There are 2 protein chains.
Amino acid sequence: MTIHDVAEAANVSPSTVSNFLNGRPERMNPKTRRRIENAISKLGYRPSKVARQLRTGHPTTIGLVVPSVANPFWGTFARHLERNALADGFHLLLCNSQRDPGREREYVEQMWADGIRGVVLCSSLPDVEHVVPLLDKGLAIVTFDRTPQASDPPGLANISVDNVVGAELATTHLLGLGHTRIAFVSGTLDSMNRRARYRGFCLALERAGLDPAQAPTWEAPEGTYGDRDIAELGKQAAIELLQREHPPTAIVAVNDLCAFGVFAGARSLGRDIPGQLSVTGFDDIVLADLATPPLTTVRQPLSDLSEAAFAQLRAAMSGDPSAHGRSLTMRPELVVRASTSAPPD
Amino acid sequence: MTIHDVAEAANVSPSTVSNFLNGRPERMNPKTRRRIENAISKLGYRPSKVARQLRTGHPTTIGLVVPSVANPFWGTFARHLERNALADGFHLLLCNSQRDPGREREYVEQMWADGIRGVVLCSSLPDVEHVVPLLDKGLAIVTFDRTPQASDPPGLANISVDNVVGAELATTHLLGLGHTRIAFVSGTLDSMNRRARYRGFCLALERAGLDPAQAPTWEAPEGTYGDRDIAELGKQAAIELLQREHPPTAIVAVNDLCAFGVFAGARSLGRDIPGQLSVTGFDDIVLADLATPPLTTVRQPLSDLSEAAFAQLRAAMSGDPSAHGRSLTMRPELVVRASTSAPPD
DNA sequence: CTGAAAGCGCTAACAA
DNA sequence: TTGTTAGCGCTTTCAG
């Protein structure tokens, strides 16, 4: 089923069919147009995107690299982005990096060879050295959830929520409730957004006259990380922290999955949430408001974020210089639910 | 960066480079081979998959259509499938159908035009009429989580868990605990797996001498469905059911997300789980064991399922006749956790 | 063992 | 308004 078949069926040349497909069909002889239309629909013809792309170089697919779509946060982001892409005629190639720089690089190179010219990279790794060769070749990359660094190559745009502010919001909320022994729980602090969240946590503490260095923090050993493990980590952290001599009365978890792990850990010790322990999350994933108790968390405006990321990517792909290196940071919002309350006594 | 550049750098013809890439590099003059290898690595050359596919017709990507990756179940499945695909050199194109047959068809047609020749369709719609034209053209389709129908086109393979058995397992477990007033809660019963689960529920009841027609069931109004709403539905259902005159002492939820909704509904009414209400789910998503209380549910062996789906797809794509219409049904496993116990009194 | 030539399906000047 | 031509980057006979 090629353009030739259509041409033959419509008694025109292939290029006329092509003109119909690409040029302005309006400016054709109505009769020819009708014939072509009929032929196309009768034959159920669709132009081969492969051939088309080889010829024009115009990509038809964008890439998405996430740590793991098994994490509902990334799953939701992927769904949003796919919707944005589709609305613009693009398809979405999905890659799970497990936050491994090597895999990220390999993926991105494969994509380049695949003819993909734009990718949304949800890396949050501080170092993006591994993708600059591709950037140089002309691949448009928009990073997501990653604070821009001075050392970043120019032309790398980033879309993310302000993680510092988000964590501050959560911590300040806890402080306002009267908590003073607040712990920070995270996986390894190897990603930028996690570090930023930790920074926000510290900032809020300082502002309240507390010493962040005194605040218990629990960080997973290096290399432990996988998105599917983060909940397990939260659980261990909670168990460990709550059995200390002066256990925290509140925990700021690095994300919702981690917070759920904290829930599980607290429960295994018979602690009541929020009665004996307040917990905050980050992300506001689907299940946050369904949890027991519903989770107080920092919401990421995923729909807006993915839309911005896609817009930025399109601009970068079309070589729009105004898109060059323009990062966008959105302000997150605290969603207060039932997992936080005043500290006991 | 084309094959010509490499050829030039290595002082050979393009076709020799191609031979090196595809034919047996062993059977070449070691010197030429070395030169080509050097040229390739120096230039960082990767063959264009687009051109390659146009020429050979060999696809490099497979498609995945899921209702929504925002649902952790599908997200997890997508991650597994991507892994399987990658191990075989394939990439994964992701599509979210929202269970809309029209979108499914459109996606599948787009994919065909994109040069994709194999797709895993997570449809569970009873009717697959909308994709038979593509099947006829030669697209390999493996459906997932969908019981084969007599009316199915031949050549359509399906991989799924035995949903009837799964629901029976859950219901029988509840029965064994002493429950007699057990409700079934679902979204609209428009999908095959949901119907199958309902059937399993009824079967278990009958075997225990109970009349399924007497069992309270709650089904969402037609068209309400979106995967993101199912939890909300579960919540409404629980609230409604628990306020009846003779409320159920146990609820079989159609999946885990729905069960979490039931949790939320019960909680809003101040009911204790499992003290006053036992709840079972289906799927065993990541968060099932982290919930409060941990959810008793029916586990789908997702890793095995996705592996089987991919294997089947590969076989179908390579025209292996033994793959033709061979469906595989795996037995699910009941995972007993803390959301179920003996009924009150 | 290596190269020349043809063509996958399509588009885009350019010519008619 | 429509058709002719060339070529995107690659593979694959078939000669040399």
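These numbers come from the heavy atoms of this one structure, side chains and all, not from hydrogens, waters or symmetry mates. Since we're looking at a predicted model, the values are computed, not measured. Naming convention: chains lettered A, B, ... in sequence-line order (proteins, then strands); numbering from 1 in each chain.
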Peer 1: Phosphate oxygens OP1/OP2 of C:dC8: is one of them under 4.0 Å from a side-chain N or O of B:T56?
Peer 2: no
Peer 1: Quick one: A:R34 CZ to D:dT1 C1', roughly how many Å, whole number?
Peer 2: 16 Å
Peer 1: Side chain of B:S48 only, heavy atoms from C-beta on: which candidate in D:dC10, D:dT4, C:dT2 is closest?
Peer 2: D:dC10
Peer 1: For A:M28 and for B:Y45, find the nucleotide of DNA chain D with the closest heavy atom, then tell me which residue's nucleotide is more 5'.
Peer 2: A:M28
Peer 1: Which one, C:dG3, D:dG3, D:dC10, comes nearest to the side chain of B:T2?
Peer 2: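 Of the candidates, D:dC10 comes closest.
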Peer 1: Using heavy-atom distances to pick each residue's nearest nucleotide on DNA chain C, tell me which of A:R55 and B:R33 is more 5'.
Peer 2: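 In this pair, the answer is B:R33.
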Peer 1: Which nucleotide in the list C:dT11, C:dC1, D:dG9 gets nearest to the side chain of B:A51?
Peer 2: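 My answer, after comparing the listed nucleotides, is D:dG9.
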Peer 1: May I ask you to test the B:L64-B:C122 pair for a side-chain heavy-atom distance under 4.5 Å?
Peer 2: yes
Peer 1: Tell me what B:V12 touches on the nucleic acid: a base, only sugar-phosphate, or nothing, going by heavy atoms under 4.0 Å.
Peer 2: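 It contacts sugar-phosphate atoms only.
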Peer 1: Quick check: closest heavy atoms across B:A78 and A:V69, and the distance to 0.1 Å?
Peer 2: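 Smallest interatomic distance, heavy atoms only, reads CB-CG2, 4.0 Å.
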Peer 1: What is the separation between atom NE2 on B:H58 and atom C1' on C:dC8, rounded to the nearest whole Å?
Peer 2: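 The answer, rounded to whole Å, is 12 Å.
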Peer 1: Please identify each residue that fulfils ring-ring contact (aromatic ring centres under 6.0 Å, His included) with B:F310, with sequence neighbours left out.
Peer 2: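 Scan of B:F310 (ring-ring contact (aromatic ring centres under 6.0 Å, His included), adjacent residues dropped) gives none.
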Peer 1: B:M1 has an atom CE; how far is it from atom P of D:dC10, in whole Å?
Peer 2: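 Those two atoms, CE and P, are 9 Å apart.
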Peer 1: Decide whether B:H130 and B:E104 meet the rule of one side-chain donor and one side-chain acceptor closer than 3.5 Å.
Peer 2: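 Looking only at side-chain atoms, B:E104 and B:H130 do form a donor-acceptor pair, the distance falling under 3.5 Å.
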Peer 1: Does any donor atom in the side chain of A:N158 or A:T143 lie under 3.5 Å from an acceptor atom in the other side chain?
Peer 2: yes
Peer 1: Between D:dT2, C:dT11, C:dG9, spot the one nearest the side chain of A:T16, thanks.
Peer 2: D:dT2
Peer 1: Atom NZ of B:K31 and atom P of C:dC1: how far apart are they, to the nearest Å?
Peer 2: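 Taking atom P of C:dC1 as the reference, NZ of B:K31 is at 13 Å.
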Peer 1: Measuring from the side chain of A:I3 (C-beta onward, heavy atoms only), which nucleotide among D:dC10, D:dT2, C:dC10 has the closest atom?
Peer 2: C:dC10
Peer 1: Could you state the atom-to-atom distance from CG of B:L43 to C1' of D:dG9 in whole Å?
Peer 2: 15 Å
Peer 1: Using a 4.0 Å heavy-atom cut-off across all strands, classify B:S18 as base, sugar-phosphate, or nothing.
Peer 2: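 Counting heavy atoms under 4.0 Å across all strands, the contact made by B:S18 includes a base.
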Peer 1: Between atom CG in A:N29 and atom P in D:dG3, what is the gap in whole Å?
Peer 2: 11 Å
Peer 1: Using a cut-off of strictly less than 4.0 Å, decide whether A:N22 has a side-chain nitrogen or oxygen near OP1 or OP2 of C:dT11.
Peer 2: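 So the side chain of A:N22 is within the cut-off, an N or O lying under 4.0 Å from OP1 or OP2 of C:dT11.
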Peer 1: Let me know the distance between CG of B:N19 and P of C:dA4, rounded to the nearest Å.
Peer 2: 13 Å
Peer 1: Regarding B:R46 and the six-membered ring of A:W112, is the cationic atom NZ or CZ under 6.0 Å from the ring centre and inside 45° of its axis?
Peer 2: no
Peer 1: Choose from C:dC10, D:dT12, C:dA4 the nucleotide whose nearest atom is closest to any side-chain atom of A:R52.
Peer 2: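 Comparing C:dC10, D:dT12, C:dA4 against the side chain of A:R52, the answer is C:dC10.
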Peer 1: Looking at the base of D:dT2, is there any donor atom on it, or on the side chain of A:S15, that sits under 3.5 Å from an acceptor on the other one?
Peer 2: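 Side chain to base: no pair present.
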Peer 1: Could you state the CG-C1' distance from B:L21 to D:dT12, rounded to the nearest angstrom?
Peer 2: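 From B:L21 CG to D:dT12 C1': 14 Å.
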